[in-house]
Amino acid sequence: KAGVTQTPRYLIKTRGQQVTLSCSPISGHRSVSWYQQTPGQGLQFLFEYFSETQRNKGNFPGRFSGRQFSNSRSEMNVSTLELGDSALYLCASSWTSGGSTDTQYFGPGTRLTVL
Amino acid sequence: AQSVSQHNHHVILSEAASLELGCNYSYGGTVNLFWYVQYPGQHLQLLLKYFSGDPLVKGIKGFEAEFIKSKFSFNLRKPSVQWSDTAEYFCAGRSSRAAGNKLTFGGGTRVLVKP
């Protein structure tokens, strides 16, 4: 079974631009979560989508948004990029959302560099 | 507020030495706990997880962790490490009462195993 895939793997953008990242979950998984990983802040939860609905949201500004499609694929968008948005963005999928034995499996991430 | 903390930021040890990484959590109610590993250049992989039952959990690659409720701890252990265990290790928690799959991560521990 294929794992979580993320595209693109690397992105370079300039301040003020916007960016869209994509995540395809493991087949059959309906929940997709997004995390930001930086050397200073570590791994921080951005948001979770389940059945095309945002289930949870972390403490990030409104410039960070996401959505999920009917096939469970998810995208996240960052508008008006800032230098501090440079990070590894990780996507994780699981069968359900918050089930008693739910486990998240992570993709390889998208490395975003903002110049 | 929910939090997960890892005491050691860096650990250096020789092959065949024993490894123990500390993890403490602060959650109200029941918690699900996880250890993930990130090998150099690779994505986060699940080592083991605890939901309920036997507090001693065995994972992949010879790792185990013990859930001690009275100490709010979930320490990771391996009796004899190999050079290939060089990686960054993350402890993560999720409230089993809260909706959704939001994981709170510790800051990570970088482990370097000298051959």
Side-chain angles (χ1 to χ4, degrees), chain A residues 2-6 9-10 23 25-26 29-51 53-60 66 68 72 74 87-111, chain B residues 1-10 21 23 25 27 29-54 57 59-60 65 67 74 87-110:
Chain A
V4 178
T5 57
Q6 294 186 244
R9 294 293 309 279
Y10 301 91
C23 171
I26 292 171
H29 285 193
R30 294 165 58 199
S31 167
V32 173
S33 297
W34 289 89
Y35 294 84
Q36 183 196 64
Q37 186 177 19
T38 59
Q41 300 297 318
L43 279 151
Q44 293 187 288
F45 174 80
L46 279 156
F47 29 65
E48 178 195 4
Y49 286 87
F50 178 71
S51 294
T53 303
Q54 190 178 84
R55 193 78 193 268
N56 266 312
K57 191 176 190 310
N59 296 324
F60 280 82
Q68 187 180 35
S72 295
S74 177
L88 181 66
Y89 290 88
L90 297 172
C91 170
S93 75
S94 62
W95 285 106
T96 62
S97 177
S100 59
T101 59
D102 245 351
T103 300
Q104 291 182 56
Y105 297 91
F106 284 81
T110 294
R111 173 77 61 186
Chain B
Q2 300 166 351
S3 68
V4 175
S5 61
Q6 295 179 239
H7 318 300
N8 310 100
H9 297 293
H10 293 90
L21 303 181
C23 172
Y25 64 92
Y27 276 84
T30 310
V31 62
N32 301 146
L33 294 162
F34 307 82
W35 275 99
Y36 286 89
V37 61
Q38 193 170 35
Y39 297 104
Q42 296 187 30
H43 61 280
L44 273 171
Q45 298 174 38
L46 179 70
L47 271 179
L48 48 77
K49 56 191 176 183
Y50 174 78
F51 292 110
S52 62
D54 189 344
V57 181
I60 61 171
F67 171 65
F74 188 57
E88 188 162 15
Y89 294 79
F90 294 91
C91 182
R94 182 188 75 200
S95 169
S96 61
R97 288 186 184 176
N101 270 333
K102 176 185 175 182
L103 284 176
T104 300
F105 281 87
T109 300
R110 289 185 184 270

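Naming: A, B, ... by sequence-line order, numbering from 1 per chain.
- With chain B as partner, the option from A:G107, A:G42, A:G109, A:G58 having the largest number of non-hydrogen pairs under 4.5 angstrom is A:G107.
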- Using the side chain to side chain donor-acceptor pair (under 3.5 Å) rule, take B:N101 and B:R94 through it: C-alpha gap first, then chi angles, then the decisive distance, then the call. CA-CA 7 Å; B:N101 270 333; B:R94 182 188 75 200; 3.0 Å; yes
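- Aromatic ring centres of B:F34 and B:F74 lie farther apart than the 6.0 Å criterion allows.
- Heavy atoms of B:L44 lying under 4.5 Å from chain A belong to its backbone as well as its side chain.
- With a 4.5 angstrom heavy-atom cutoff, A:Y35 touches chain B only via side-chain atoms.
- Between A:F106 and B:Y36, the ring centre distance stays below 6.0 Å.
- For a residue to count as touching a neighbouring chain, one of its non-hydrogen atoms must lie under 4.5 Å from one of that chain's; by this rule A:L46 does not touch chain B.
- For a residue to count as touching a neighbouring chain, one of its non-hydrogen atoms must lie under 4.5 Å from one of that chain's; by this rule B:K49 touches chain A with the side chain only.
- Proximity to chain A is limited to the side chain of B:Q38, based on heavy atoms less than 4.5 angstrom apart.
- Between A:L43 atom CG and B:F90 atom CZ the span is 5.0 Å, to the nearest 0.5 Å.
- For a residue to count as touching a neighbouring chain, one of its non-hydrogen atoms must lie under 4.5 Å from one of that chain's; by this rule A:E48 touches chain B with the side chain only.
- Between A:F47 and A:F45, the ring center distance fails the sub-6.0 Å criterion.
- Counted within 6.0 Å of CZ on A:R9, heavy atoms from surrounding residues, nucleotides or ligands total more than 12; the atom is thus considered enclosed.
- Only the side chain of A:Q37 comes within less than 4.5 Å of a heavy atom in chain B; its backbone stays farther off.
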